[in-house]
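Because the structure is a prediction, the values reported are computed rather than measured.
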Amino acid sequence: MSDFVRIHEVGPRDGLQNEKSVIPVADKVALIDLLSRSGLRDIEVGSFVSRKWVPQMADTDRVLADLTPVADVRYAVLVPNMRGWDGFAAARMPGVTYEVAVFMSASEGFSQSNLNCSIAQSVDRLIPVVRAAEATGVGVRGYISCVTDCPFDGPVAPDSVARAAKMLLAVAPMQLSLGDTIGKGTPDKVARMLDAVLQVAPAEGLAGHFHDTGGQALANIETSLEMGLRAFDSAVGGLGGCPYAPGAPGNVATEAVLDLVHALGFETGINVDVIAKAAEMARGMR
């Protein structure tokens, strides 16, 4: 397997959306621009979701307008439906490489709570977004929530996660980010989940998204590395979590992930000194 690990920085979106206060656009842009100079290739910068339900992301259009894009960086936004796509399409800037993220849950309880629909209905909703992205040359990434445990349904069967992965890949080829949304994953649970998912998707098409609520995120990443994954989501400064999953604060910190993978001998191409400055900036936003 490759000795290169790709880090997907999610702090400016998945991190800041869970903060109690709305962060000024200038502060968000300053953080994103600093991260863009770190060697990161993927930065999630916002989402086009309901202003009512996620007010912290209501200014994503202004963030896209004000950030200073770097040529080798792909800027990602979460787009749940065609209303969100229309917002993104109006805000995207020429000459910038974008990616849209679509999402679903591996558990029915979380799907109903977060999306107000069944798993099958959530896939139907995201298909038009994927088709619009394909038609305009925008990349697509898929998120699967609750891959080990659900705050409403309890433990999630590995076969349910594999079924969700298969449903997304039937829509279009895309990288799948597997989210331990409430941070109850353990190396054993993650290994069993990956055993199932790897039957329907190759390791190079998967990313791990681990919350550190239970203090197991780094151990789960190490298990995932052993099973062939080479991409992971993290949030600089350990920002955020999921506002719709009770008890799910704390994405794993980018700086901690870098320490781990570098110690294990992997390369990332990321400047840890720049990330340290960004982590300090991010912690100041809380």
Quiz prompt | Thr268, Val5, Val257 screened by side chain to side chain contact (heavy atoms under 4.5 Å, CB included) with His262, the one that passes | solution = Thr268
Side chain of [X], backbone of [Y]: donor and acceptor closer than 3.5 Å?
X	Y	result
Ser122	Ile119	yes
Asp61	Ala91	no
Asp180	Gly185	yes

Would you say that [X] contacts [Y] through its side chain, given a criterion of any heavy-atom pair below 4.5 Å between the two side chains?
X	Y	result
Thr60	Phe48	yes
Trp85	Thr136	yes
His209	Thr181	no
Ile43	Pro12	yes
Cys146	Pro151	yes
Leu64	Val77	yes
Val73	Arg41	no
Thr213	Ile182	no

Hydrophobic cluster membership, [X] vs [Y], 4.5 Å side-chain cutoff:
X	Y	answer
Val70	Val96	yes
Leu218	Phe210	yes
Val100	Met93	yes
Val272	Val252	yes
Met281	Val45	yes

Tell me the closest heavy-atom pair linking [X] and [Y], and the distance in Å.
X	Y	answer
Ser118	Glu108	CA-OE1, 3.5 Å
Ala133	Val140	CB-CG2, 3.5 Å
Leu229	Ala207	CD2-C, 3.9 Å
Val63	Lys28	CG2-CD, 4.0 Å
Val49	Met57	CG2-CB, 4.5 Å
Ala162	Ala196	CB-O, 3.6 Å

To the nearest 0.5 Å, how far apart are [atom1] in [X] and [atom2] in [Y]?
X	Y	atom1	atom2	result
Asp42	Tyr75	CG	OH	10.5 Å
Leu264	Glu222	CG	CD	5.0 Å
Tyr143	Met174	OH	CE	12.5 Å
Asp14	His8	CG	NE2	13.5 Å
Ser36	Leu67	OG	CG	6.5 Å
Ile144	Leu176	CD1	CG	5.0 Å

Answer yes or no: are there more than 12 heavy-atom neighbours, outside [X] itself, under 6.0 Å from its atom [atom1]?
X	atom1	value
Glu280	CD	no
Asp72	CG	no
Arg83	CZ	no
Lys189	NZ	yes

Quiz item: How would you list, by chain and number, every residue that makes a side chain to side chain contact (heavy atoms under 4.5 Å, CB included) with Asn271, sequence neighbours excluded?
Solution: Asp273, Val274
Exercise. State which residues pass side chain to side chain contact (heavy atoms under 4.5 Å, CB included) with Pro187; sequence neighbours excluded, sorted by chain then number.
Key: Gln216, Ala219, Asn220, Thr223
Quiz item: Looking only at side chains, do Thr254 and Ser234 share a donor and an acceptor under 3.5 Å apart?
Solution: yes
Quiz item: Is a side-chain donor-acceptor pair under 3.5 Å present for Gln17 with Arg13?
Solution: yes
Quiz prompt | CA sep, side-chain torsions, deciding dist, call: Met104, Val123, side chain to side chain contact (heavy atoms under 4.5 Å, CB included) | solution = CA-CA 7 Å; Met104 65 178 296; Val123 175; 3.8 Å; yes
Practice problem: Considering only NZ, NE, NH1 and NH2 on the basic side and carboxylate oxygens on the acidic side, decide whether Glu255 and Arg283 come within less than 4.0 Å. | Solution: yes
